2 protein chains.
Amino acid sequence: MNTENIKLFLSVVELGSFANAAKQFNIATSSVSRAINALEHEIGVQLFHRTTRKIALTQAGDKFHKNILPVQEAMDLTIAELVEDANLITGTLRIAASVSFGQAVLPKIVSAFTAVHSDLVIDLQLSDRRVDLIEEGIDVAIRHGKLEDSSLIARKLRNVRYHLVAAPEYLERAGIPKSISDLKAMDLMSFSYSSFARKWRFRQGNEMQEMSIMPKFLTSNAMMLKQCALNAMGIALLADWTLETELEKGNLVEVLPDWEVAGEDFETAIWIVYPSAQFVPSRTRAFVDFMVT
Amino acid sequence: MNTENIKLFLSVVELGSFANAAKQFNIATSSVSRAINALEHEIGVQLFHRTTRKIALTQAGDKFHKNILPVQEAMDLTIAELVEDANLITGTLRIAASVSFGQAVLPKIVSAFTAVHSDLVIDLQLSDRRVDLIEEGIDVAIRHGKLEDSSLIARKLRNVRYHLVAAPEYLERAGIPKSISDLKAMDLMSFSYSSFARKWRFRQGNEMQEMSIMPKFLTSNAMMLKQCALNAMGIALLADWTLETELEKGNLVEVLPDWEVAGEDFETAIWIVYPSAQFVPSRTRAFVDFMVT
DNA sequence: CTTACTATTGCATAATATGCAATTATGAAT
DNA sequence: ATTCATAATTGCATATTATGCAATAGTAAG
């Protein structure tokens, strides 16, 4: 069953002849004739009486017309609404992000974004596990570090640098490390992710060093890590975006500032990723564009 | 837009995978994949998130599903109702017949027919003009005499013989004609149709005679003609089906009973005709069958 | 009675759909 | 981690369907 045929049928009824309907649809009259014939055979009911000069609805055709017209209109309307919806920035934008990033960075961004798109509902899912966008119906996710291969489309938001930091109070107590090896004796805190938990890398110009670490404290949550550093528990490896105000205020102090430090890879970044699709919802596109700029 | 594609979409949603939907429809999975793709391109909206292993409705797809499901069901229902209707003997059966035949013969038949088919409404149009079945939406018509070529399908109900009859009172007054030529001097009454109005034909075995007549009274209505004969106005040419009881009761007497008489043609009959169509409504078929038997 | 128009149909060609097999990807099981 | 079974996609060859044109037949109006 073809809705084109039904539309053709409705047009024939409205215009009173196959020829007029053919003109309206810019097709040959023979196509109209065959379309109506096909319709009649599909449903097994004669819809028109015909002579070579005129047509007239049968009783069944008349009833069919009366009944199918609102249904066809409903179908058109449903599709039109859907298309309109797709081109509007409405509905619910589901964002997934790490707990830390969400708490630290997203509030400002999200509120600025919703101010522009008032019809949009934001559903922000904060979790430090790696979520499956497709399974959980997430539109966009913020990802850190290196991306695994996947069917997702990723755009880089910014590069990330890591720093070793500690509270002044701790450094007073434990001493300021002068070299990488000095760290061994100190209280180290890091992310529990495998790329951060057992080994750190250092770089100064062309010089590289690796150091196996025995952390005193591990967590998947950056804010937790920072809080521990602030509480003078030890030296923490933290991303730049978690630190800005704390370094300015002097609540935290950078340790070994001459060395770049990283977990596994120095080339880490924050990414915004979304499912690959032929038609990306406009809310997703809008949010991605907003984040990138 | 194809309702098959929509049904496939609904099946995919219900069964959770392209493969299952393909099984349900007994087609290749690739066809399902392409059908959904076609649907998405037609409406310009992504309906499913997909991986090679699983699919999930997008927000738009979910909304589409919610909205289109009742519409699709309504469409199926509309068509199912139509088909059911077509196979039921319901609706209105529009019958066209001559005034005389309708009055004299149809009442018994129609009441017997409606007794069997209680859901059927009968609309009996009595008219002595030749009606256009298609234009006037008539299901079946009763036709007399010779049929013209047309797109109608005709089935013979019975042969018709014509008789010359008069009231005994008239014959007492005017005398009983012994030969065809005797008629010339008498008061003749006939149908106003061209085949009856100017010439009558007579047959006895292999012998044939024609006679030009100058009727005293012409009408298109057989009952009228009979009434005039009963009123002893003269000799009338009447079809057998109008006469049965009158001859038995002796209200009318046959004139020249040894001769067969006709207007233009001896091979006349009563026909039931209906529009030619690939699908004859069952009410029409039922009535035609009823009339023939 | 002619004319112009309408629906239908045959036919050649264009467009589309379909299944199969190969490919790619992924979730689950080992 | 690695393997395995399975789902979706895609290329390709083939089958099916749709389309316009031209021819046909039939009808209503002038």
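So you know, we letter chains A, B, ... as the sequences are listed, proteins then strands, and number each from 1. Bear in mind the structure is a predicted one, so any value in this text is a computation, not a measurement.
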Q.
Within 45 degrees of the ring normal and closer than 6.0 Å to the centroid, is that where the cationic atom of Arg201(A) sits relative to Phe266(A)?
A. no
Q. Does Tyr274(A) have its ring centroid less than 6.0 Å away from the ring centroid of Phe287(A)?
A. no
Q: At under 4.0 Å between heavy atoms, which parts of nucleotides 24-30 of chain D does protein reach? Answer with one letter per nucleotide, 5' to 3': B base, S sugar-phosphate only, - none.
A: --BBS--
[X]/[Y] ion pair, N-O < 4.0 Å:
X: Glu210(A); Y: Lys199(A); result: yes
X: Glu40(B); Y: Arg34(B); result: no
X: Asp76(B); Y: Lys7(B); result: yes
X: Arg285(A); Y: Asp289(A); result: no

(Q) When you measure from the side chain of Gln209(A) to the backbone of Phe202(A), do you find a donor-acceptor pair of N or O atoms at a distance under 3.5 Å? (A) no
Q. Which pairs with one or both residues in residues 70-94 of chain B pass ring-ring contact (aromatic ring centres under 6.0 Å, His included), sequence neighbours excluded?
A. none
Q.
Between His144(A) and Ser98(A), do the side chains contain a donor N or O and an acceptor N or O under 3.5 Å apart?
A. yes
Q) Just by distance, with hydrogens left out, do Ser11(B) and Gln24(B) show a side-chain donor and acceptor under 3.5 Å apart? A) yes
Q: State whether the number of non-hydrogen atoms from other residues, nucleotides or ligands found under 6.0 Å of Met1(A) atom CE is greater than 12.
A: yes
(Q) Short of 4.0 Å, heavy atom to strand atom, which residues of residues 20-28 of chain B count as contacting DNA chain D? (A) none
Q) For the helix from dC1(C)-dG30(D) to dT30(C)-dA1(D), how many degrees between its two end axes (five pairs per end), to the nearest 10°? A) 40°
Q | Rounded interatomic separation in angstrom, taking CZ from Phe18(B) and C1' from dT10(D) | A | 14 Å
**Q.** Sub-4.0 Å heavy-atom contacts from residues 35-50 of chain B onto DNA chain C, ordered by number
**A.** none
(Q) Is the phosphate of dA8(D) approached by Ser33(B) (side-chain N or O, under 4.0 Å from OP1 or OP2)? (A) no
Q) How many angstroms lie between CZ in Phe18(A) and CD1 in Ile55(A), if you round to the nearest 0.5 Å? A) 5.0 Å
Nearest-neighbour nucleotide for the [X] side chain, [options] considered:
X: Arg34(B); options: dA7(C), dT9(D), dC12(D); result: dC12(D)
X: Ile55(B); options: dA8(D), dT9(C), dT9(D); result: dA8(D)
X: Ser30(B); options: dA7(C), dT10(D), dC21(D); result: dT10(D)

Q) Restricting to pairs with a member in residues 89-101 of chain B, which pass salt bridge (charged side-chain N to carboxylate O under 4.0 Å, His left out), not counting sequence neighbours? A) Arg94(B)-Asp123(B)
Q) Pick the nucleotide of DNA chain D nearest each of Gly16(B) and Asn2(A); which residue has the one closer to the 5' end? A) Gly16(B)
